[in-house]
Amino acid sequence: MSSYEKFLQIGLALDPIHVGTGGARIGRVDLTIVRDPVTQVPKIPGSSLAGVYRTYVAMHFEEERQQQKQNGQQVREKPFYPDCAGLGLDENRGHCRQPDCPVCTVFGFARGAGQEGGFAGLAAFTDAHVLLFPVPTRQGPMWLTSPMALEWVGLEVSGVDENAVYLENDAQNPLNLGWLLLPVKACAQMTEIKDRLGDLSVPEHIRNRVALVPDRLFAHIVNSNLEVRTSVSINPETGAAEDKALFSYEALPRGTVLVWEIIAKNPAHFRIGSQPITAVSNPGDVHEKAKQAHSYLEYLGIGGMGTRGMGRLKVLYENPPRDETSVECAAATSSAASEADSPEEESDE
Ligand SMILES: [Zn+2]
């Protein structure tokens with residue numbers, strides 16, 4: 001059996017999502033979100049995803065354990081939450097580190113005080129990238145994408161080179177994307193792109209309003225159309241606004257469609273303290289456990305400002321890609337998709 005399997009996930013922002021850089025920037029906004037250092041397109045780092053998934057999976061198995069206990073069933077002694085969630089650095093309430101723990105095997109555990117090495121975990125998370133980004137136009141909202149973004153869902157699009165917006169058909173009149181006015185060109189394979197998005201459970205009202213732009217314009221338009229909100233820090237003791245506490249923060253807008261991958265390693269290739277892993281038996285199992293976080297993501301969300309109604313992310317698609325399709329928007333070259341390298345295998349034997 002292969003050493004790992006990749007599972008493509010597609011999610012829809014139900015609220016604005018703010019995953020911050022943790023530091024303030026001097027400029028337009030006080031609290032900025034994380035951007036890809038190369039493309040400058042905002043993203044959710046894989047490390048943030050891993051942390052949130054871990055917490056929610058631990059909550060799920062703790063709820064399940066409590067339920068089984070109420071039903072008089074035999075249950076594990078060690079609670080999953082909060083012990084197996086978090087960074088596990090607390091000496092007394094740290095990760096359980098057991099080969100039968102679905103949280104510690106899937107997400108790994110830290111090296112505890114006076115204990116042997118940690119374990120990296122069987123699930124790895126890529127960054128979540130913007131696949132479709134809602135922008136206002138005079139024809140109503142359109143969902144913007146680019147060849148680079150579509151590569152994440154296995155589509156190879158070429159011929160999108162000009163400073164233009166590519167739709168199903170070309171048009172005489174230019175179209176505004178936010179404040180930017182662009183000529184309209186036709187992308188002959190828009191139907192194939194829409195079909196692929198349909199396979200990935202992207203809702204029809206979004207699929208029908210897809211607009212393609214070149215990669216360089218994509219970053220520019222996304223960054224010009226982020227949600228920026230202004231808020232005030234509240235003093236928890238007085239319940240009143242703090243003096244000089246007005247701050248602004250940016251977020252991916254509601255309606256943004258994100259794509260990420262869960263890379264599930266094969267448990268058979270690992271041991272924990274010389275014992276085989278029993279919580280999961282194959283990569284599909286690893287993904288199945290990680291997936292338990294999805295209903296929590298939809299209600300509890302990801303990122304900061306949760307108390308201000310931010311962060312809910314509905315997972316639309318949680319299965320592996322069926323096949324990879326190649327699409328060309330014009331008679332042009334196509335480049336081969338590069339296979340990701342096999343992830344390093346780690347074990348603490
Ligand atoms: Zn555990």
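Hydrogens, waters and symmetry mates are skipped; everything else that's a heavy atom, side chains included, is used. Just so you know, ligand 1 is whichever comes first in the structure, and atom 1 is the first atom listed for that ligand.
With respect to R312 and D15, a salt bridge is recorded, a charged nitrogen being found less than 4.0 Å from a carboxylate O.
Ring geometry, F119 versus F270: the interplanar angle exceeds 60°, so the pair is classed perpendicular (tilted spans 30 to 60°). Relative ring orientation between F7 and H287 is described as parallel, the plane-to-plane angle staying below 30° on a 0-90° scale split at 30° and 60°.
At a cut-off of 2.8 Å, H95 is not counted among the residues with an N, O or S atom near the Zn ion (ligand 1).
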| message | Under the criterion salt bridge (charged side-chain N to carboxylate O under 4.0 Å, His left out), I'd like the reasoning laid out for R76 against D100: C-alpha separation, chi angles, the key distance, then a yes or no. | response | CA-CA 10 Å; R76 267 172 126 256; D100 67 340; 2.9 Å; yes
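To the nearest 10 degrees, the Zn ion (ligand 1) sees SG of C101 and SG of C84 at an angle of 120°. Take the Zn ion (ligand 1) as the corner point: the lines to SG of C104 and to SG of C96 open at 110°, to the nearest 10 degrees.
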